[in-house]
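Single-structure report; data block below.
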There are 2 protein chains.
Amino acid sequence: MAATRPKTPATPEPAAPDRLSEAQERFVQAWGQMAGAWGVTRTMAEAHALLYITGEPHNSDDLMHRLRISRGNASMTLRALLDWGLVTKVHKRGDRKEYFRAEQDVWTVLRTILRERAKRELAPMLASLHEIRDLTSDDADTPTTDHNARLDAMLEFATIADELIQRCVEADAPTMLGDALVGAGAPREGPA
Amino acid sequence: MAATRPKTPATPEPAAPDRLSEAQERFVQAWGQMAGAWGVTRTMAEAHALLYITGEPHNSDDLMHRLRISRGNASMTLRALLDWGLVTKVHKRGDRKEYFRAEQDVWTVLRTILRERAKRELAPMLASLHEIRDLTSDDADTPTTDHNARLDAMLEFATIADELIQRCVEADAPTMLGDALVGAGAPREGPA
DNA sequence: AGATCATTTCAGAATATTTTGAAACGAACC
DNA sequence: GGTTCGTTTCAAAATATTCTGAAATGATCT
């Protein structure tokens, strides 16, 4: 029965390279589904996933073919990833093309994403909250005191979140979870 | 000069209710911009913001008018918020309409969002990663060892994130930042 | 300079997401 | 039973987002 080329129609045991490719492909897909969670487009996430899981630098053409996207899209996607700081340029001797490599440490990737999202989303939010708070700050009317309390709660929340992220961003990989998150300004009650 | 009704054409000092309305409106807008960060639609975020900042229960009609959305949209949005657990139903005596109130504690809101997103996004991701890992688990080929290492790093990362979120979700508000985040399984190197 | 190859740009096309509005449904009253 | 008022549903419309592809730009070589 068992032969070097079995006639079994349904793939019985794919060769190692095939399994690797399939694993890579599925990883790219899975990571692409998380795109929303990271606040990037699906293609950005897929491109990043490909660069991460292969570990190798790739150029625009590689992306075009493996992700089946247009040249323009590949260019824009890589530029956006560069802008986020999720990939870096790599030059290859004797090759005119530009290559891109993804950061290989997952904790650094997380810190990069936290930093960018805090900058792009949290900071403007904090600014808005402060402005809004000023609208009713000098008002002693009863109807606004409740409103102000709610606004202040949100403001404190956003501020703590900002500080927490700041700590994570500044920490180095191994201490991130340990040191960075401790004593981040939790709203503790008693003093002693 | 100063009179009970000054003639100045450009609004010099809006009455307190006006400033309150404006503050509410701007808060709703600001919160709506964070919609992407929470993984909900802009309208869901705006509706939640309105219910939060006013502190009062509102019905479908209130939402329609204050948010200028259709009846159908208001219904779907409220149902989605209920589904997320971000609002609760409130019944008013002698009123057929259903009212909805937003959770007032911001840390509880955060925990709710973390719980839902972990369930909807992280859990499927973890499942996928395990499946993918199995594709090349029994493979001793050199090309797959690097791949497996990267996949394992990602798997460990996602697992820790899941545990961390779990702790936050289970913690009660005041201890969330303090106790929940400490000792969450950080990848420490040396033992001593 | 001119030739060649890589990259960027961006208006229009393709997709995906969100919203509408009217009809169907349901629940509370008479 | 029927009527009224409120809610839900969902196909079609409106919007928003992402992608394409070809032309423009830039970069490197002879």
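In what follows, chains are A, B, ... by sequence order, proteins preceding strands, each numbered from 1.
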Return the value, rounded to whole Å, for the distance between atom [atom1] of [X] and atom [atom2] of [N].
X      : N       : atom1 : atom2 : value
D95(B) : dG6(D)  : CG    : C1'   : 10 Å
L78(B) : dG6(D)  : CG    : P     : 15 Å
R79(B) : dC10(D) : CZ    : C1'   : 11 Å
E46(B) : dT18(C) : CD    : C1'   : 13 Å
L81(B) : dT8(D)  : CG    : P     : 13 Å
D62(A) : dT7(C)  : CG    : C1'   : 15 Å
M64(A) : dA22(D) : CE    : C1'   : 13 Å
D61(B) : dC5(D)  : CG    : C1'   : 11 Å

Report each atom pair, protein N/O against N/O of nucleotides 26-30 of chain D, whose distance is under 3.5 angstrom.
| from | atom 1 | to | atom 2 | distance (Å) |
| --- | --- | --- | --- | --- |
| dT28(D) | O2 | R96(A) | NH2 | 3.3 |

Worksheet item: Out of curiosity, R26(A) CZ to L151(B) CG, how far, rounded to the nearest 0.5 Å?
Response: 10.5 Å
Worksheet, complete the sentence: Ranking dT7(C), dT9(D), dT8(C) by distance to the side chain of S60(A), first place goes to dT7(C)
Can you sort out the partners of [X] under salt bridge (Lys or Arg N to Asp or Glu O under 4.0 Å), two or more places apart, ordered by chain and number?
X       : answer
K97(A)  : none
R133(B) : D152(B)
K92(A)  : none

Listed pairs under 3.5 Å, donor-acceptor, residues 29-40 of chain A side chains, sequence neighbours left out:
| from | atom 1 | to | atom 2 | distance (Å) |
| --- | --- | --- | --- | --- |
| W31(A) | NE1 | H48(A) | ND1 | 3.2 |

Worksheet, complete the sentence: Of V40(B) and E98(A), the one whose closest nucleotide on DNA chain C sits nearer the 5' end is E98(A)
Name each donor-acceptor pair under 3.5 Å that joins a side chain in residues 65-72 of chain B to protein atoms two or more places apart or in another chain, with its distance.
| from | atom 1 | to | atom 2 | distance (Å) |
| --- | --- | --- | --- | --- |
| H65(B) | ND1 | D61(B) | O | 3.0 |
| R66(B) | NH1 | Q24(B) | OE1 | 3.4 |
| R66(B) | NH2 | Q24(B) | OE1 | 3.1 |
| S70(B) | OG | N73(B) | N | 3.1 |
| R71(B) | NH1 | D61(B) | OD1 | 2.8 |

Tabulated below should be each protein N or O lying under 3.5 Å from an N or O of nucleotides 19-25 of chain C; please produce it.
| from | atom 1 | to | atom 2 | distance (Å) |
| --- | --- | --- | --- | --- |
| dT19(C) | OP1 | T43(B) | OG1 | 2.3 |
| dT19(C) | OP2 | T43(B) | OG1 | 3.4 |
| dT19(C) | O5' | N73(B) | ND2 | 3.4 |
| dT20(C) | OP2 | S70(B) | N | 2.7 |
| dT20(C) | OP2 | S70(B) | OG | 3.1 |
| dT20(C) | OP2 | N73(B) | ND2 | 3.2 |

Practice prompt. Check ring-ring contact (aromatic ring centres under 6.0 Å, His included) between F157(B) and all other residues, then give those that pass, not counting sequence neighbours.
Written response: W107(A)
Worksheet item: Tracing side-chain links under 4.5 Å among I, L, V, M, F, W and Y, which residues wind up in one group with V90(B)?
Response: Y99(B)
Fill in: Sidechain N-carboxylate O distance under 4.0 Å for D83(A), R120(A)
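Yes, charged N to carboxylate O under 4.0 Å.
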